Amino acid sequence: MPDTAVAEFKPLSRTEMAARAARDIPEGWYVNLGIGIPTMIADHVPSEREVIFHSENGVLGMGPQPPKDQVDPWLINAGKQYVTLRKGGSFVHHADSFAMIRGGHIDLCVLGGFEVAENGDLANWATSENDTAPAVGGAMDLAAGAKRLWVLMEHTTKDGRSKVVHRCTYPLTAVGAVKRVYTNLAVLDVTERGFVVRDMAPGLSFEALQERTDAKLLQG
Amino acid sequence: MPDTAVAEFKPLSRTEMAARAARDIPEGWYVNLGIGIPTMIADHVPSEREVIFHSENGVLGMGPQPPKDQVDPWLINAGKQYVTLRKGGSFVHHADSFAMIRGGHIDLCVLGGFEVAENGDLANWATSENDTAPAVGGAMDLAAGAKRLWVLMEHTTKDGRSKVVHRCTYPLTAVGAVKRVYTNLAVLDVTERGFVVRDMAPGLSFEALQERTDAKLLQG
Amino acid sequence: MIDKIVQSMADAMAGIEDGATVLIGGFGAVGQPNQLIDGLIEQGAKDLTIALNNAGVGRTGVARLMDLGRVRKVICSFPRSSDPVVFESLYKAGKLELELVPQGTLAERMRAAGAGIPAFFTATAVGTRLGQGKETREFDGRTYVMEQALPGDVALVEAWQADRWGNLTFRESGRNFNPIMAMAAKLTVVQSQHIVELGELEPEQVVTPGIFVDRVLHVPYGDPPTF
Amino acid sequence: MIDKIVQSMADAMAGIEDGATVLIGGFGAVGQPNQLIDGLIEQGAKDLTIALNNAGVGRTGVARLMDLGRVRKVICSFPRSSDPVVFESLYKAGKLELELVPQGTLAERMRAAGAGIPAFFTATAVGTRLGQGKETREFDGRTYVMEQALPGDVALVEAWQADRWGNLTFRESGRNFNPIMAMAAKLTVVQSQHIVELGELEPEQVVTPGIFVDRVLHVPYGDPPTF
């Protein structure tokens, strides 16, 4: 239970987090959404605002998931979910698909995260707790290659530890790559001076946010 | 005029040179033919022997030149001549086309030459006499990248200087790349021991061939 | 007449040797050459290095190849799957070597092998555990790591259409790693849903030209498995 | 609604700055964006570096751009042509810098720029004058030279079909350098023979996806000039 000082604030749900990030994506951007909550962002971009979604496995111009009885088994996204293709979509092979990522052609990538540090470092692929082989997929390519990297994640772990940190403790995905973080508590920009708060969950005070955050925060 | 000792020998014509080289190309090879006499080789491969001709500008499966009234202005070869496409032919972009060359997928390339040395060095793109800017085109890629490099050229220059040499004097196209030379006088293999004569023009003696050749020749 | 179409799985698998590096197409179940993988299991080559995106699901296909002790090393980006039981038990037991490679680097290393490029620089993995021990260099003020080509002895590829010259098309997201693996291997073996006459594929619509293909087996298996 | 189709040459050329590096598609007269080249002449940018396969024919197009003194440097593989009069006179007079690059290296350097690869190794030009002064390195006993990416500020591209998202197809050997130049430039401007509705191009048949394209101008000029 939250302590009394912040009893009134309401953290964003996952759907609200996805919707919040979706608001900031303008028409015309080429966007790659990571597995998990980031994938939900697409559902919150109205189809009349043309945003072109990319998937690492060679799909450009992804549409929403199909109804179960209209699944095309040849068309999946990087999370291996069935998807659709919008008019204007196209298919390429893996090297061409990652050329889009690594060559800086993707305007925005949104990934999940274990930790984001105030210097923009991201850790999102391996934890020391993980004793089986870690899996990296396309996370390092996306983090290093996209024009902008945003992270969408809970502000704290289940046991209350801040994921918005001074320095990452988990193995890094990329160095100094994150530009913005969307959590259930706030929207934070990564700047040369550190994290700057752009937005907070309704009812949350800056002090209460700082209390739940490992990194030092600056008011925006 | 030839001297009396070799009065009876008959150098091959350009057409005969091309036909001679064509004889040695088996079905199924992917072959790139350089500008000039090498291009003529294709005319001497019977169409029932399927040899797949490649052109640097992204054409795989080239057929013969079209009749003048059936020219397709969108279909040229690397020498900027109009060509045709055989059934099974395809088009790729320049990087993919040169991936075929540089990745060792072309079984054979036949180029023209200014000089071929007994160590396999080829000079065929620039001469010191040339005071305008030299043009290299795809020669260096082909010479370094094809699985086999053959050279098709006159045995001597117009003023009688041997083009089959101990060491090249012109700027090199590639180092140690040539495997075989077809001239109007002979067919020579480049081996670790030097040039080995595989075939000679009708009526030509080994001694007379050696007399016209800068490099030391070995009998095959 | 050039005819790359083979009539039996035995012909498709002929000459694959112990110790070979085998590139296996597909991303998830889509574009994965399942019948060729079963053919490789049947064929018997062992001590294999396999390079592919995922390290197998359940106990069939690639997982079965590993389970039979035929794989020495896996080069992949995502060993996890919905059911990675075989990979994980072998890996924990130290019976399987893993080279974990970022997915884009994996793809680019194979494309490089096919294009005659022995090594290249990339920003991916700089400053991370997967970049450790690799040569780094600055270009224009940014740091890059050097990565080397990943050539295969064999590539197993799944295509949608093929002709007797080995020209290929792919279906939707089934394209994925298949075209670059075809380029990267000495011997490229294809299973194709459809065999078409030479000339039926539009010259502009061929995705993998036959120059990158050695053998084609007709395997009209229908849709890929759903998950 | 995304709409990359521009209605005038002025819009197509807007913002091209003095000192820009301009990649120009085409091989010979095929796939060459002639109207965009004329548009660039009209637009006025100077002190340009141009990268293309050939250095112009006669006194029109690229040759005219050079003749007007607007080009500082040419990066190409084959400056000779049937009538290279402008290039040769400027080059001899020391008014034009030439970087001569083997054709495959030229193509690969642009593809590298598009794919985020700052440098790569190739066997082409090893031991030759064009490899001189370049870093070399051995891999598996063979020597390679290091080549760097060739990015453009602008690419001028000729396509066969285009839609409002900038998806492109090319006609026959008109493909050549166009797709890799589109990848390699910050601003990619296309002249297309045909404009089609979104969705008219088959998803498997798009050669250059719109992500690599910024502006499309409809220029239905018909067949390329014959030689």
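Convention: sequence-line order gives letters A, B, ...; per-chain numbering from 1. Since we're looking at a predicted model, the values are computed, not measured.
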Where does [X] contact chain A at under 4.5 Å (heavy atoms): side chain, backbone, both or neither?
| X | result |
| --- | --- |
| C/Thr143 | neither |
| C/Val101 | backbone |
| C/Phe170 | neither |
| C/Asn54 | side chain |

[atom1] ([X]) with more than 12 external heavy atoms under 6.0 Å:
| X | atom1 | answer |
| --- | --- | --- |
| C/Lys134 | NZ | yes |
| A/Arg148 | CZ | yes |
| A/Glu48 | CD | yes |
| A/Lys147 | NZ | yes |
| A/Arg14 | CZ | no |

Gap between atom [atom2] of [Y] and atom [atom1] of [X] - 0.5 Å precision:
| X | Y | atom1 | atom2 | answer |
| --- | --- | --- | --- | --- |
| A/His93 | C/Met110 | NE2 | CE | 11.0 Å |
| C/Thr122 | A/Met140 | OG1 | CE | 11.5 Å |
| A/Leu142 | C/Thr124 | CG | OG1 | 8.5 Å |
| C/Ser173 | A/Leu85 | OG | CG | 9.5 Å |
| A/Asp141 | C/Leu106 | CG | CG | 9.5 Å |
| A/Lys80 | C/Phe78 | NZ | CZ | 6.0 Å |

Proximity breakdown for [X] and chain C, heavy-atom pairs closer than 4.5 Å:
| X | answer |
| --- | --- |
| A/Asn77 | backbone |
| A/Ser90 | neither |
| A/Ile101 | neither |

Close side-chain approach of [X] to [Y], heavy-atom, < 4.5 Å:
| X | Y | result |
| --- | --- | --- |
| C/Trp160 | A/Trp74 | yes |
| A/Asp96 | C/Arg111 | no |
| C/Leu100 | A/Trp125 | yes |
| A/Phe98 | C/Glu108 | no |

Pairs of heavy atoms under 4.5 Å with chain A: top-ranked of [options]:
| options | value |
| --- | --- |
| C/Ala123, C/Pro79, C/Pro84, C/Gly174 | C/Pro79 |
| C/Thr105, C/Asn178, C/Asn53, C/Val126 | C/Thr105 |
| C/Leu98, C/Ile180, C/Val207 | C/Ile180 |

[options]: which one forms the most heavy-atom pairs within less than 4.5 Å of chain C?
| options | answer |
| --- | --- |
| A/Ala95, A/Ala144, A/Gly137 | A/Gly137 |
| A/Thr173, A/Val92, A/Asp121 | A/Val92 |
| A/Gly176, A/Gly58, A/Ala174, A/Ala78 | A/Ala78 |

Please state whether the rings of A/His94 and C/Phe27 are parallel, tilted or perpendicular, taking 30° and 60° as the class boundaries.
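Aromatic pair A/His94/C/Phe27 classed tilted.
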Taking every non-hydrogen atom, the tightest pair across C/Gly104 and A/Arg102:
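Closest heavy-atom pair between C/Gly104 and A/Arg102: C-NH1, 3.1 Å.
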